[in-house]
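Source: prediction; values computed, not measured.
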Amino acid sequence: MKYVDEFRSPELIGKAAEQIRRLADPNKHYRLMEVCGGHTHAIYRFGLKDLLPSNIELIHGPGCPVCVLPMGRIDDGLSIAKDPSVIFAAFGDMMRVPGTNGSPLKEKARGMDVRIVYSPTDALKLARQNPDRHVMFFAIGFETTAPSTALILQRAKTEGLPNFSVFCNHVTIIPAIRAILDSPDMRIDGFIGPGHVSTVIGCRPYEWIAKNEHKPIVVSGFEPLDLLQGIVMILAQLQRGEAIVENQYKRVVPWDGNRAALRAINEVFELRPYFEWRGMGFISQSALRLRDSYAEWDSERRFEVPGLRVTDPKAAQCGEVLKGVLKPSQCKLFGKECTPENPVGALMVSSEGSCAAYFNYEHRKTLTTIDASA
C-alpha cells in the first residue's frame with residue numbers, strides 16, 4: 001500500500017537505525033521530545049525505542065488534547081447536561097475521562113443523556129433530529145480538529161439552528177511548547193514536531209523555536225520510518241551545530257498550512273486570554289473561544305457554567321508525565337490503581353495518552369527485541 005508499506009520496510013528501518021547510531025555522539029545524552037500523542041502511540045506500538053542507542057531519550061510531550069484538559073472543564077460540561085432537556089455529545093475518547101464525580105459514561109449510567117459522536121456533523125444531525133432538545137457538542141482538540149468544529153458552527157449559523165451549541169475546549173500547540181521550554185526543570189535538545197497539527201498550521205509557526213531557543217524541530221509523520229527519519233534529521237542538525245525547522249512529512253504537511261482551514265478557524269474563533277492545562281497551570285492565549293458573532297451557539301454563554309478549578313487526585317502524577325518530567329511507569333499509580341479498565345487520570349484513557357500507550361505496548365512487552373541492523 002502506497003505510503004504505508006515503504007514506511008514499514010524492515011530494510012529501510014534498519015538503515016535508518018544504523019544512521020542514527022552513526023550520528024549519535026556516544027559521549028552525549030540526547031533528550032528529544034515528541035510533542036504529538038500520535039507519535040507517542042506509534043513509538044510504543046512499533047517498538048522504536050528499542051532501535052535507538054541508550055543515550056537517546058524520547059520525552060513524551062503534552063500533545064494529547066484529552067489528557068491536558070483539566071477535570072474542572074469536564075465538570076463544567078457535565079453540569080450543563082444535568083438539565084434533562086440537554087443532550088451531551090462528545091467523541092468516544094472523552095467518555096471515560098474522569099471528572100470529580102465520574103466520567104461522562106458513568107453519568108450516562110446514572111441517567112444523563114450522553115451520546116458518542118464521531119464528528120461534529122453527527123452532533124449537528126442530532127440537533128436536527130431532536131428539535132425539542134438542546135444538543136451541546138463538547139468540542140476538544142488542537143488545531144487539528146478546530147476546522148471541523150468551525151465549519152459546523154458556520155452551518156448552524158446559516159441554518160439558524162436554535163437548539164445546538166458548542167462547549168469549546170480547543171487548545172493551541174505553540175503556547176504549550178513555549179511553556180515547556182520556559183520550565184526550569186526541563187532540558188530538551190530537539191523536537192519531533194506534531195504531524196496532525198501541522199497539516200493545519202504548517203511549519204512556519206515553529207520557526208521561533210529554532211531562531212530564539214536554538215532547538216532543532218522536525219515535523220514528522222507517524223509510520224516507523226517517518227519517526228526514525230525525523231530523529232536522523234534532528235541529530236544531523238545537532239552534529240552540524242544548526243537549529244532549523246525541517247519538514248519530513250512533506251507528503252502531507254504544506255509549509256504554510258491549510259489556508260482554507262485557517263480561514264474557517266479565524267472566522268469562528270478567537271484566542272482566550274488564558275486557559276488551564278492539566279499539570280501545567282494557566283497558559284496565556286493557549287485556547288480558542290467562539291467570537292461574539294457566534295455567541296448564540298456558545299454553550300458557555302447560553303448556560304450557567306460553574307467554572308470550577310479541580311485538582312487531580314494527589315497520588316496521580318499526570319502533570320509530571322505530561323510535561324515529560326516523569327515516564328508513565330514512574331507514576332505511583334501506574335499499572336496498579338490506574339489501569340485502562342479503571343483509569344484515575346486521562347493519560348490512561350485516551351488513545352493518544354502516553355500512559356495508555358506505555359501500558360498496552362511497553363509495560364507488558366515479553367518478546368526479545370531483534371537488532372534491526374543485524
Under 4.5 Å between any side-chain heavy atoms of Val200 and Ile265, yes or no? yes
Is the closest basic N to carboxylate O distance between Glu213 and Lys215 below 4.0 Å? no
Taken to the nearest 0.5 Å, the spacing of Met71 CE from Ile74 CD1 works out to 6.5 Å
Look only at the side chain of Asp226 and the backbone of Ser220, and say whether a donor-acceptor pair between them is shorter than 3.5 Å. no
So, taking the atom named CD1 in Ile188 and the one named CD in Glu57, what distance separates them when rounded to the nearest 0.5 Å? 8.5 Å
Thr199 and Tyr249 side chains, donor-acceptor separation under 3.5 Å: no
Can you confirm whether more than 12 heavy atoms, excluding those of Arg128, are under 6.0 Å from its CZ atom? yes
Do Leu23 and Gln19 have side-chain heavy atoms sitting under 4.5 Å apart? yes
Cation over ring face, Arg251 and Phe7, 6.0 Å, 45°: yes
Would the distance check show the side chain of Arg291 and the main-chain N or O of Phe269 forming a donor-acceptor pair, the cut-off being under 3.5 Å? yes
Taking it one step at a time, do Phe137 and Thr149 satisfy side-chain contact (heavy atoms from CB on, under 4.5 Å)? CA-CA 9 Å; Phe137 175 56; Thr149 304; 4.0 Å; yes
So that I know where these two stand, are His60 and Tyr44 an aromatic pair - ring centroids less than 6.0 Å apart? yes
In plain terms, say whether Arg302 and Glu296 are close enough for a salt bridge, that is, a side-chain N and a carboxylate O under 4.0 Å apart. no
Quick one: do Arg115 and Asp122 make a salt bridge, cutoff under 4.0 Å? no
Side chains of Leu225 and Ser9 in contact at under 4.5 Å (non-hydrogen atoms): no
Looking only at non-hydrogen atoms, find the nearest pair between Leu271 and Arg289 and report the distance. O-NE, 4.0 Å
Please report the shortest heavy-atom distance between Leu48 and Pro224, naming the atom on each side. CD2-CB, 3.9 Å
Would the distance check show the side chain of Ser103 and the main-chain N or O of Met95 forming a donor-acceptor pair, the cut-off being under 3.5 Å? yes
Minimum side-chain heavy-atom gap Glu246-Gln237 below 4.5 Å: yes
Measuring from Ile192:CD1 to His39:NE2, what's the distance to the nearest 0.5 Å? 7.0 Å
Does any non-hydrogen side-chain atom of Leu290 lie less than 4.5 Å from one of Glu270? no
Determine the minimum heavy-atom distance between Asn163 and Pro131, stating which atoms define it. ND2-CA, 3.6 Å
Pairs meeting criterion ring-ring contact (aromatic ring centres under 6.0 Å, His included) with involvement of residues 177-199, two or more places apart: His196-Phe222
On a heavy-atom basis, the closest approach of Ala17 and Leu51 is CB-O, 4.1 Å
Side chains of Ile231 and Leu58 in contact at under 4.5 Å (non-hydrogen atoms): yes
Side chain Thr158, main chain Gln154, donor-acceptor under 3.5 Å: yes
Using atom types as modelled and distance alone, determine if a side-chain donor or acceptor of Thr145 lies under 3.5 Å from a backbone N or O of Ile140. yes
Tyr30 (side chain) donor-acceptor with Asp25 (main chain) under 3.5 angstrom: yes
Salt-bridge present (Arg73, Asp75; N to O < 4.0 Å): no
Beyond-backbone contact of Met112 with Val86, side-chain heavy atoms, under 4.5 angstrom: no
Would you please indicate yes or no on a ring centroid separation below 6.0 angstrom for His170 and Phe142? no
Any idea which heavy atoms bring Gly195 and Val253 closest together, and the distance? O-CG2, 3.8 Å
Would you say the side-chain atoms of Gln317 pair up with the backbone N or O of Lys332, donor to acceptor, closer than 3.5 Å? yes
Looking at Pro328, Cys318, Cys331, which one forms a side chain to side chain contact (heavy atoms under 4.5 Å, CB included) with Leu347? Cys318
So, for Glu34 and Ile43, which heavy atoms are closest and what is the spacing to 0.1 Å? CD-CD1, 3.7 Å
Tell me whether Asn169 contacts the main-chain N or O of Phe167 through its side chain, where contact means a donor paired with an acceptor under 3.5 Å. yes
Between Glu11 and Lys15 (salt bridge meaning N to carboxylate O under 4.0 Å), is one present in this structure? yes
Are more than 12 heavy atoms, taken from residues, nucleotides or ligands other than Lys327, located less than 6.0 Å from that residue's NZ atom? yes
With a 6.0 Å cut-off on the ring centroids, do Tyr118 and Phe91 count as close? no
Is there a chain of hydrophobic side chains (I, L, V, M, F, W, Y, each step under 4.5 Å between heavy atoms) that links Ile244 to Val232? no
Taking the six-membered ring for Trp and the full ring for Phe, Tyr or His, determine whether the centres of Tyr358 and Phe334 are under 6.0 Å apart. yes
Verify side-chain contact (heavy atoms from CB on, under 4.5 Å) between His134 and Phe164, making sure each step is shown before the conclusion. CA-CA 6 Å; His134 185 93; Phe164 176 77; 5.6 Å; no
For the pair Ser299 (side chain) and Val166 (backbone), establish whether a donor and an acceptor sit closer than 3.5 Å, ignoring hydrogens and angles. yes
Mind checking the SG-CD1 spacing from Cys203 to Ile217? Nearest 0.5 Å is all I need. 8.5 Å
My understanding is that only one of Glu267, Arg301, Lys157 makes a side-chain hydrogen bond (donor to acceptor under 3.5 Å, both in side chains) with Tyr294; could you say which? Glu267
Do any N or O atoms from the side chain of Arg263 and from the backbone of Asn258 form a donor-acceptor pair under 3.5 angstrom? no
Let me confirm one number: the CG-CD distance from Leu326 to Gln330, rounded to the nearest 0.5 Å. 5.0 Å
Could you tell me whether the side chain of Tyr274 reaches within less than 4.5 Å of the side chain of Gln285, counting heavy atoms only? no
Quick one: does NZ or CZ of Arg178 land under 6.0 Å from the six-membered ring centre of Trp208, within 45 degrees of the ring axis? yes
Can you name the side-chain contact (heavy atoms from CB on, under 4.5 Å) partners of Gln129, sequence neighbours left out? Lys125, Leu126
Can a salt bridge be assigned to the pair Arg110 and Glu107 using a cut-off of 4.0 Å between side-chain N and carboxylate O? yes
Whether over 12 other heavy atoms sit under 6.0 Å from Phe282 CZ: yes
